[in-house]
Amino acid sequence: MLDDKRGWGVEILGPEDEKALWVKVLKAPFPPYLETVSDPLGDYIVLMSLKFDGLSSAGDVQTTAKEMLPLLSVSMRQLHQTKPMRIGASIEFVAGCSPRRHHFIALEASGIVLGGGPIEVVHTDAEGNIIEPDPMPSAAQRWMQVAGASPNIAAGMAYIDGTPGWLEIYKAYEVLKDLPSSTAIGDDVNRLTQTANTMDNRHSPLTKKGGTPHRYPMNLHEAKCLIVRWLDAAVKDALGE
């Protein structure tokens, strides 16, 4: 029960339809997850995370949430095709009392959306009855779990946030290239690096004099999708899936 909680969370702001998608994907008990708080002025959703444990002030919660939300937005956008959300008030939970809202100026989020929505698979038995699956973390929650323990995966997620250019794509490649799961990406890695290294609009570390363009160069959308597949493979490898 929320009335029995102690600690902190942070309010998540955004369009109602998008908030519904976030609530659907980020379920308890797997962190980070969302809970709905009832309030006389209207219900709101709160992001709960182990990263808030032990924090002592609303300002510390805001700082931690601002570091965390971009990575969560990347995982939600790439895996579940949702739009970015914004940080609202820090929420203080005190046992036996209503949650206390500590208001700050919310920062606007930006980025691109690949489209669509989370896919839900329904299983039925021979009689057509719906079989409720065992609870398990969503793909976005698994990404966040691994990102918390792997600086390379966290950096790769950060580099593809929003609308990355070739420099960001190449930096994502550099932090992912030594992970064991890199072999799952196959020959597309050569297409990515060769395309990046022969772009007309060059930036260090992409510049390579006399570089030969790949026969089938990648465009930025393909390159970003490759990094997303690579991140997903790296997460599954880290979790032993």
### Full working for side-chain contact (heavy atoms from CB on, under 4.5 Å) between Leu179 and Ile153
CA-CA 9 Å; Leu179 296 179; Ile153 290 177; 4.0 Å; yes
### Query
Looking only at heavy atoms, which two atoms of Gly162 and Arg77 are closest? And how far apart?
N-NH2, 3.3 Å
### Message
Can a donor-acceptor pair be found, under 3.5 Å and without considering hydrogens, that links the side chain of Glu18 to the backbone of Pro15?
### Response
no
### Backbone N/O of Ser75 and side chain of Gln78: donor-acceptor pair under 3.5 Å
no
### Message
I'd like to know if the side chain of Gln194 and the backbone of Arg191 have a donor-acceptor N/O pair within less than 3.5 Å.
### Response
no
### Task
Taking the side chain as every heavy atom from C-beta outward, state whether Asp188 and Met218 have any atom pair closer than 4.5 Å.
yes
### Task
For residues Leu34 and Ile12, determine if any side-chain heavy atom of one lies less than 4.5 Å from a side-chain heavy atom of the other.
yes
### Message
Name the residue from His103, His102, Gln62, Arg100 that meets the side chain to side chain donor-acceptor pair (under 3.5 Å) definition with Ser90.
### Response
Gln62
### Message
I need the minimum non-hydrogen distance between Phe52 and Gly9, along with the two atoms involved.
### Response
CD1-CA, 3.9 Å
### Task
Return yes if some donor-acceptor pair links the side-chain N/O of Asn152 with the main-chain N/O of Leu176 below 3.5 Å, else return no.
no
### Task
Begin with the C-alpha distance, continue with both residues' side-chain angles, and end with the deciding distance and a verdict on side-chain contact (heavy atoms from CB on, under 4.5 Å) for Met76 and Leu21.
CA-CA 9 Å; Met76 287 293 296; Leu21 290 175; 5.7 Å; no
### Task
Output, in order, the C-alpha distance, side-chain angles, deciding distance and verdict of side-chain contact (heavy atoms from CB on, under 4.5 Å) for Val46 and Val10.
CA-CA 5 Å; Val46 177; Val10 66; 5.7 Å; no
### Query
Counting N and O atoms only, with roles assigned by atom type, does the side chain of Ser150 sit under 3.5 Å from a partner on the main chain of Val146, one being a donor and the other an acceptor?
no
#### Entry: Lys/Arg N to Asp/Glu carboxylate O, Lys51 vs Glu67, below 4.0 Å
no
### Query
Do Tyr173 and Leu226 have side chains that get closer than 4.5 Å, going by heavy atoms?
no
### Query
Are Arg101 and Tyr44 in a cation-pi setup, meaning NZ or CZ lies under 6.0 angstrom from the ring centre and within 45 degrees of the ring axis?
yes
### Query
Can you name the closest pair of heavy atoms from Leu71 and Met144 and give their distance?
C-SD, 3.7 Å
### Task
Indicate yes or no for a side-chain donor-acceptor contact from Trp8 to the backbone of Met48 under 3.5 Å, with no hydrogens or angles considered.
no
### Message
Tell me the closest heavy-atom pair linking Leu72 and Pro32, and the distance in Å.
### Response
CD1-CG, 4.2 Å
### Message
Tell me the closest heavy-atom pair linking Trp143 and Val228, and the distance in Å.
### Response
CZ2-O, 3.9 Å
### Message
Working note: Ile45 + Val37, criterion side-chain contact (heavy atoms from CB on, under 4.5 Å); need CA distance, chi angles, decisive distance, verdict.
### Response
CA-CA 6 Å; Ile45 61 172; Val37 176; over 6 Å; no
### Minimal non-hydrogen separation, Pro164 against Lys224, with atom names
CD-NZ, 3.9 Å
### Query
So, are Lys171 and Glu174 salt-bridged, with charged N and O less than 4.0 Å apart?
no
### Message
Looking at Asp232 and Arg229, is any side-chain nitrogen of the basic one under 4.0 Å from a carboxylate oxygen of the acidic one?
### Response
no
